[in-house]
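Contents: one structure, followed by commentary.
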Amino acid sequence: MLDINLIVNNPTYVHDALLKKGFDVDFAPLISLYEQRKKLIAQGDELKTQKNKLSASVPVVKKEGGDVEAIFRQVKELNAEIQKFDAELAKVEEDIFAFMSPLPNMPDDDLLAGEKENNKVIKVFGEKPTFDFAPLDHVQLCEKLGLVDYERAAKVSGRGTWFYTDLGARLEWALLNYFIDTHINDGYKFILPPHILNEESGYTAGQFPKFKQDVFWLEGVEPKKFILPTAETALVNYHRNEILKEEDLPEKLFAYTPCYRCEAGSYRTEERGMIRGFQFNKVEMFQYATEKNSRQSFDELVDKACKLVENLGLHFRLSKLAAGDCSHSMARTYDIEVYIPSMGIYKEVSSASNANDYQARRGNIRYKDSQTGKIKYCHTLNASGLATSRVFPALLEQCQNADGSVTIPHVLRKYLGGMEKIYPKK
RNA sequence: GGAGAAGUACCCAAGUGGUCGAAGGGGCUCCCCUGCUAAGGGAGUAGGCUUGUAAAAGGGCGCGAGGGUUCAAAUCCCUCCUUCUCCGCCA
């Protein structure tokens with residue numbers, strides 16, 4: 001949620017910022033609603049003051065034997081009027097909410113306008129692997145090494161899903177453990193959140209209303225619940241409606257969850273295998289920060305995500321996204337994309353973002369400034385660290401050998417009983 | 001799924017229609033005494049929103065959430081959420 005005061009006081013600034021994301025918003029109706037709201041509150045409060053004073057005088061008047069009935073009548077009349085103001089106010093606030101809630105976050109000032117074409121690669125690690133043999137793609141490798149079973153998953157579940165089998169499951173688990181241990185070492189608090197969330201949580205994350213169609217809803221459950229599309233949704237709601245202490249910030253968390261997404265109609269043949277599925281595993285980093293230190297938190301998250309891929313020895317690039325390519329709720333997003341040789345393209349394995357106070361406003365997440373004692377909105381940040389569904393194929397493809405085996409990165413070997421290579425099954 | 005009970009400020013807890021923003025503890029802060037990892041005495045300390053100022057000052061909201069009754073609700077009624085106890089279910 002944007003700051004309505006900022007919009008009212010500086011509509012041009014906000015307009016131009018949102019334009020960088022491709023939103024051309026006319027704020028005139030909102031400003032007029034805001035003025036109406038202010039007026040209605042002032043008028044309503046004045047009536048309530050009168051009412052409260054009259055009501056409070058009742059016991060005194062009673063004791064003195066005065067005319068209590070006259071007061072009752074007066075208050076009743078006031079109540080009728082107050083009700084009118086309150087109803088009108090409720091309507092205006094509803095309109096304000098309807099106007100505000102679909103608006104995306106404003107991009108940071110230094111971001112370029114526009115979409116993907118204006119993304120800027122700011123770092124490249126390693127280089128494209130070259131093969132002196134005909135390399136296989138990850139679907140073939142999974143098949144030959146017996147790591148993943150798509151066919152049976154289609155039988156048991158449907159398209160867009162898979163079984164990790166045997167060494168495949170162990171490799172997946174090794175990746176997750178490698179991520180988890182790294183974050184624990186870095187002082188992040190490990191969280192295993194619920195996977196079934198209420199609607200309010202989706203709203204706070206800024207994923208609703210935009211992505212309501214893209215998550216799985218539980219049928220027949222009231223109040224409505226959905227299955228989380230990313231651990232971020234749970235983590236950003238962890239402190240919803242709370243006031244934190246400044247000295248506890250930044251608070252650094254991470255969580256492991258599968259991520260469940262409908263991704264309706266987005267399946268393409270290019271995205272075979274596990275590049276895109278209804279369910280994938282992800283370890284998510286998250287920070288609650290202050291305005292002062294959120295930029296530092298952001299850099300830390302980006303750095304941590306990069307290191308995870310670097311230490312796997314995988315070729316990747318880091319891009320600073322243009323405003324229009326940043327997530328809806330985010331003021332700033334950097335993507336880490338790992339190279340998939342069979343596709344000849346880079347695929348996202350981590351997206352690091354700073355929401356500034358956008359999510360905090362939606363979820364009413366604040367902190368008390370230790371100097372002034374004032375209550376301020378937190379800044380919230382998240383970064384995948386990492387999603388395995390693209391790391392796994394990239395690893396197989398980038399680390400494959402002429403004999404059909406795949407070399408296991410050093411950092412994973414301790415989770416696989418010291419195994420150095422996975423060989424094709426006989 | 002059924003039957004009960006409960007949700008009050010940082011924590012415990014009193015309060016069943018009217019000067020209740022809410023007794024009393026604990027905690028925390030400061031002072032005194034004592035003097036050294038004890039104890040005692042005194043004082044202070046309670047939300048959030050909004051209007052607004054240099055600072056002030058004021059008003060509205062507030063006792064799980066949302067409705068309702070009433071001139072007046074922490075207190076009565078309804079719905080929901082959460083927690084606890086008992087029963088049932090449990091791949």
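Convention: sequence-line order gives letters A, B, ...; per-chain numbering from 1.
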When the [atom1] atoms of [M] and [N] are compared, how many Å lie between them, rounded to an integer?
{"N": "U85(B)", "M": "C11(B)", "atom1": "C1'", "value": "24 Å"}
{"N": "U79(B)", "M": "C86(B)", "atom1": "P", "value": "26 Å"}
{"N": "U16(B)", "M": "C33(B)", "atom1": "P", "value": "44 Å"}
{"N": "A74(B)", "M": "A23(B)", "atom1": "C1'", "value": "14 Å"}
{"N": "G35(B)", "M": "A43(B)", "atom1": "C1'", "value": "22 Å"}
{"N": "C20(B)", "M": "A13(B)", "atom1": "C1'", "value": "16 Å"}
{"N": "C32(B)", "M": "A22(B)", "atom1": "C1'", "value": "32 Å"}
{"N": "U69(B)", "M": "G17(B)", "atom1": "C1'", "value": "12 Å"}

Ignoring backbone atoms, establish whether [X] has a side-chain N or O less than 4.0 Å from OP1 or OP2 of [N].
{"X": "Lys51(A)", "N": "A72(B)", "value": "yes"}
{"X": "Lys76(A)", "N": "C71(B)", "value": "yes"}
{"X": "Lys53(A)", "N": "G59(B)", "value": "no"}
{"X": "Asn198(A)", "N": "C81(B)", "value": "no"}
{"X": "Asn79(A)", "N": "A72(B)", "value": "yes"}

Quickly work out the [X] [atom1] to [N] [atom2] distance and round it to whole Å.
{"X": "Gln50(A)", "N": "C71(B)", "atom1": "CD", "atom2": "P", "result": "18 Å"}
{"X": "Leu54(A)", "N": "G18(B)", "atom1": "CG", "atom2": "P", "result": "19 Å"}
{"X": "Ile82(A)", "N": "G59(B)", "atom1": "CD1", "atom2": "P", "result": "16 Å"}
{"X": "Ile4(A)", "N": "C49(B)", "atom1": "CD1", "atom2": "C1'", "result": "15 Å"}
{"X": "Asp67(A)", "N": "C71(B)", "atom1": "CG", "atom2": "C1'", "result": "12 Å"}
{"X": "Lys225(A)", "N": "U82(B)", "atom1": "NZ", "atom2": "P", "result": "6 Å"}
{"X": "Glu46(A)", "N": "G59(B)", "atom1": "CD", "atom2": "C1'", "result": "10 Å"}
{"X": "Gln83(A)", "N": "G68(B)", "atom1": "CD", "atom2": "P", "result": "7 Å"}

Tell me which nucleotide among [options] gets nearest to the side chain of [X].
{"X": "Asn52(A)", "options": "C71(B), U51(B), C61(B)", "answer": "C61(B)"}
{"X": "Lys38(A)", "options": "U51(B), G60(B), C71(B)", "answer": "U51(B)"}
{"X": "Ile243(A)", "options": "C61(B), G48(B), G18(B)", "answer": "G48(B)"}
{"X": "Arg366(A)", "options": "C71(B), G60(B), G48(B)", "answer": "G48(B)"}
{"X": "Ser55(A)", "options": "G60(B), C71(B), G48(B)", "answer": "C71(B)"}
{"X": "Ile375(A)", "options": "C61(B), G59(B), C49(B)", "answer": "C49(B)"}

>> Checking the side chain of Lys21(A) only, and the main-chain atoms of Ser327(A) only, is there a donor and an acceptor separated by less than 3.5 Å?
In response: yes

>> When you measure from the side chain of Ser32(A) to the backbone of Ala28(A), do you find a donor-acceptor pair of N or O atoms at a distance under 3.5 Å?
In response: no

Is there a Watson-Crick or G-U wobble partner for [N] with both distances under 3.5 Å, and if so, which one is it?
{"N": "C86(B)", "value": "G2(B)"}
{"N": "C10(B)", "value": "G26(B)"}
{"N": "G40(B)", "value": "C32(B)"}
{"N": "C76(B)", "value": "G68(B)"}

> Mind telling me whether G62(B) is syn or anti, cutoff 90° either side of 0?
Replying inline: syn

Looking at [Y], is [X] sitting on its ring face, NZ or CZ under 6.0 Å from the six-membered ring centre and within 45 degrees of the normal?
{"X": "Lys225(A)", "Y": "Trp217(A)", "answer": "no"}
{"X": "Arg170(A)", "Y": "Tyr415(A)", "answer": "no"}
{"X": "Arg362(A)", "Y": "Tyr203(A)", "answer": "yes"}
{"X": "Lys189(A)", "Y": "Phe286(A)", "answer": "no"}

> So what does Lys245(A) touch, heavy atoms closer than 4.0 Å: a base, only the sugar-phosphate, or nothing?
Replying inline: nothing

> Closer to the 5' end of RNA chain B via nearest nucleotide, is it Asn5(A) or Asp45(A)?
Replying inline: Asn5(A)

> Between Gly44(A) and Ile41(A), who's closer to the 5' end of RNA chain B by nearest nucleotide?
Replying inline: Ile41(A)

> Any side-chain heavy-atom pair from Lys252(A) and Glu300(A) closer than 4.5 angstrom?
Replying inline: yes

>> Please determine whether the number of non-hydrogen atoms from other residues, nucleotides or ligands lying under 6.0 Å from atom NZ of Lys76(A) exceeds 12.
In response: no

